[in-house]
Amino acid sequence: MTTNWDKIIREFLDKLERQEVQLLTWGIVDGGFSEDEIAELAEDFLNTCEIDEDVWDFLDQILDRKLLFEFNLRGDRLFRTRMAEAVRLFARLRQLFPNNNWQTSPTLVADYRLQIRPRIYPNRYITPEAVIQQLAADKLLTPIQQKAVTAILRSPLRGEVQLADFQLRATSLMLRDLNSTKSRGMIVCAGTGTGKTLSFYLPALAHIAGLLKKNEYWSKGLAIYPRNELLKDQFSETYQEARRLDAVLKAEGKRKILIGAFFGLTPRSATLDRVQDKWEAESGGFTCPYLRCPRCEGALSWRRADVEAGKEQLSCLKASCGAVIQEDEIILTRDRMAKTPPDLVFTSTEMLNRSMGDSRYGHVFGIAAAKKPQIVLLDEVHTYTGVHGAQVAYLLRRWQKIIHKKVQFTGLSATLESAAEFFSQLTGLNPGSVEEISLGEDQIAEGMEYQLVLRGDPVSGTSLLSTSIQTAMLLRRVLDPSEDPPSKGFYGSRVFAFTDDLDVTNRLFHNLLDAEGRDSWGRPLRGRQPLAALRSHKLMVEKG
């Protein structure tokens with residue numbers, strides 16, 4: 001009988017964190033478990049689970065994953081979980097600059113509030129066979145769409161993907177809406193990490209697969225994001241989902257699904273001056289800012305030789321990987337999009353607005369195009385409030401008026417009250433044409449989620465913007481690195497920052513880049529290190 005160590009370790013961490021939080025909620029951040037205490041807790045836990053394992057072999061697994069940290073405190077061994085150590089670091093944040101002493105630097109955090117609770121997510125139990133059976137019974141799938149759904153849910157590398165009830169309901173509703181004669185909408189409300197994105201891309205990619213023709217190119221769907229970082233994150237994920245359909249489409253005599261990102265970082269043409277103006281230069285090429293290697297999660301490069309040859313393909317920077325993203329899978333420039341619009345276009349509300357009257361690129365968004373987009377995704381719908389929300393609502397109405405064709409709108413949101421009514425007002429659809437998909441009652445509690453609220457220190461004379469910048473820098477380092485993550489999936493590797501003030505947004509973005517030792521394009525500044533480097537143990541010892 002094999003032991004599910006991930007499950008065992010997660011349960012033991014939950015036990016440790018529940019004990020640590022009793023002191024952390026009172027502001028006591030310097031505590032920890034002694035060597036005897038951690039060993040006793042581990043031994044009791046293993047005995048309860050009836051697992052015959054050496055206590056320190058078990059603890060070494062957790063230490064190796066950087067889920068538990070060991071400290072030497074005046075000759076005694078002290079242990080803290082990554083959560084507890086992170087809270088301590090946040091509470092002790094200081095505004096540290098070069099040539100400043102850490103002990104006399106201004107404090108950034110006056111107080112904090114911490115809450116931990118079990119992470120709740122929907123139970124994914126519906127097998128691919130059951131999904132196909134229900135969709136087929138409702139007559140929502142053509143033969144090629146059925147093969148496409150099967151390929152996404154079952155692949156040799158990923159294995160079988162089971163759906164939650166809300167994902168199946170969303171897939172069924174979207175496919176039904178696409179068969180309607182009028183524009184309709186669907187708003188999916190589910191928390192972060194529940195899989196609501198798949199509830200759009202599963203039916204969307206299946207629908208696109210049924211529309212493909214070998215020598216015909218037109219934008220069949222728009223994926224619109226309020227923030228470029230969200231666009232980048234979802235672009236990589238969708239690229240990998242689209243590739244799962246390659247074998248099915250080839251067997252049907254169809255080409256691959258082609259995707260492209262049309263936003264600020266998209267070069268106009270495949271020329272060295274245009275690409276280096278948008279992308280960070282590296283040895284032999286330029287690093288793609290919105291797609292990671294599907295094999296090793298490493299950086300992808302547009303080689304100089306390929307740029308000069310006008311060949312739009314990406315190569316993994318790791319020589320041991322050798323992955324290549326081909327031209328028939330992705331479009332990298334605006335000019336090529338104008339000639340062969342991708343099947344699915346990733347863009348922003350700002351770029352859509354700019355393209356409304358653009359005779360060169362407008363058809364990429366369905367404007368004055370022979371064939372129009374049939375599906376539109378609006379992610380993070382709850383951000384479209386106030387004046388900005390009104391402007392986006394007006395933009396979507398203008399766009400629909402221009403294309404003058406039926407469209408299926410799908411919105412995604414983690415938190416939204418009266419979701420169907422809100423989405424109806426945003427898109428201009430009749431209230432009766434919008435349905436809400438929310439989580440059912442069949443949910444699972446596993447692991448922990450952490451809510452930490454920091455209060456800036458008004459006495460130290462530092463600004464809240466400084467606290468935000470240092471917090472973002474620290475949080476990035478508290479999580480796993482994107483390459484070779486030690487926790488093996490327990491922690492994520494991405495940080496998102498949201499603000500509600502445009503001036504703060506602009507200053508936060510550029511000031512954070514400066515604090516990380518990078519210029520406005522995200523390229524490393526010569527002779528500059530991130531401010532976080534000042535907190536290295538070596539420098540702290542040298543400065544006393």
Side-chain angles (χ1 to χ4, degrees), residues 3-33 37-46 48-49 51 58-71 78-93 109 111-124 164 190-197 414-415 439 441-454 471-472 474-482 485-498:
T3 303
N4 186 344
W5 285 113
D6 281 356
K7 183 175 183 295
I8 297 299
I9 290 172
R10 183 178 291 110
E11 290 178 356
F12 183 60
L13 276 178
D14 291 347
K15 181 182 180 68
L16 296 181
E17 290 175 349
R18 278 193 289 266
Q19 291 206 24
E20 290 173 320
V21 79
Q22 296 180 43
L23 290 178
L24 292 174
T25 52
W26 286 95
I28 302 172
V29 298
D30 295 312
F33 300 102
E37 287 173 334
I38 198 75
E40 184 179 348
L41 286 168
E43 184 177 7
D44 290 345
F45 177 78
L46 292 173
T48 301
C49 297
I51 297 176
F58 174 62
L59 290 172
D60 283 342
Q61 288 189 58
I62 306 175
L63 288 164
D64 289 343
R65 292 193 182 195
K66 308 301 181 186
L67 300 170
L68 187 67
F69 290 90
E70 178 183 347
F71 303 91
L78 188 73
F79 296 85
R80 294 191 194 104
T81 65
R82 190 190 296 199
M83 180 275 294
E85 177 61 9
V87 173
R88 188 186 72 84
L89 293 173
F90 281 117
R92 295 283 189 264
L93 273 177
V109 175
D111 194 12
Y112 70 86
R113 292 293 181 270
L114 172 68
Q115 181 186 57
I116 70 170
R117 62 187 181 189
R119 177 174 171 264
I120 299 175
Y121 61 89
N123 184 14
R124 300 181 180 93
T192 302
T194 54
K196 60 180 178 293
T197 305
T415 54
L439 296 179
E441 296 182 357
D442 193 2
Q443 300 183 47
I444 296 174
E446 184 180 59
M448 289 289 182
E449 64 179 26
Y450 317 104
Q451 297 184 37
L452 180 65
V453 180
L454 303 179
T471 298
L474 174 56
L475 183 56
R476 179 183 174 189
R477 289 157 176 83
V478 165
L479 299 180
D480 274 356
S482 56
S487 76
K488 299 179 182 179
F490 276 64
Y491 275 80
S493 58
R494 291 185 176 94
V495 177
F496 294 96
F498 300 92

Work out which heavy atom in [X] is nearest to a heavy atom in [Y]; give both atom names and the distance.
X      : Y      : answer
Ser487 : Leu67  : CB-CD2, 3.9 Å
Phe33  : Glu37  : CA-OE1, 3.5 Å
Ile116 : Glu17  : CD1-O, 3.9 Å
Leu439 : Pro122 : CD2-CG, 4.0 Å

Is Arg113 atom CZ crowded by more than 12 heavy atoms from other residues, nucleotides or ligands, each under 6.0 Å away? no
Neighbour count above 12 (heavy atom, 6.0 Å) for Glu40 CD: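 No, because the 6.0 Å sphere around CD of Glu40 holds 12 heavy atoms or fewer from other groups.
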Going by heavy atoms in the side chains, are [X] and [Y] under 4.5 Å from each other?
X      : Y      : result
Val87  : Tyr450 : no
Phe58  : Ile9   : yes
Pro486 : Asp480 : yes
Arg494 : Leu479 : no

Ion pair [X]/[Y], N-O distance below 4.0 Å:
X     : Y     : result
Asp6  : Arg65 : yes
Glu11 : Lys7  : yes
Arg82 : Glu85 : no

Gap between atom [atom2] of [Y] and atom [atom1] of [X] - 0.5 Å precision:
X      : Y      : atom1 : atom2 : answer
Thr471 : Leu454 : OG1   : CG    : 5.0 Å
Ile28  : Gln22  : CD1   : CD    : 11.0 Å
Arg18  : Leu13  : CZ    : CG    : 10.5 Å
Phe71  : Phe79  : CZ    : CZ    : 10.0 Å

Could you walk me through whether Gln19 and Leu41 pass side chain to side chain contact (heavy atoms under 4.5 Å, CB included), step by step? CA-CA 11 Å; Gln19 291 206 24; Leu41 286 168; 3.4 Å; yes
Measure the acute angle between the ring planes of Phe45 and Phe12, then classify it against the limits of 30° and 60° as parallel, tilted or perpendicular. tilted
Show your reasoning for whether side chain to side chain contact (heavy atoms under 4.5 Å, CB included) applies to Tyr491 and Met83. CA-CA 10 Å; Tyr491 275 80; Met83 180 275 294; 4.1 Å; yes
Closer than 3.5 angstrom, by distance alone: can the side chain of [X] be matched with the main-chain N or O of [Y] as a donor-acceptor pair?
X      : Y      : value
Lys196 : Ala190 : yes
Tyr112 : Leu24  : yes
Arg119 : Ile444 : no
Glu20  : Thr81  : yes
Arg80  : Asp30  : yes

Member of Leu68, Ile8, Leu16 meeting the side-chain contact (heavy atoms from CB on, under 4.5 Å) criterion with Ile62: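 Output: one option passes, namely Leu68.
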In Gln443, Glu446, Glu449, the residue satisfying side chain to side chain donor-acceptor pair (under 3.5 Å) with Tyr121 is Glu446
For a side chain to side chain contact (heavy atoms under 4.5 Å, CB included) check, start with the C-alpha distance between Phe90 and Leu474, then their side-chain angles and the critical distance, and finish with the verdict. CA-CA 7 Å; Phe90 281 117; Leu474 174 56; 3.4 Å; yes
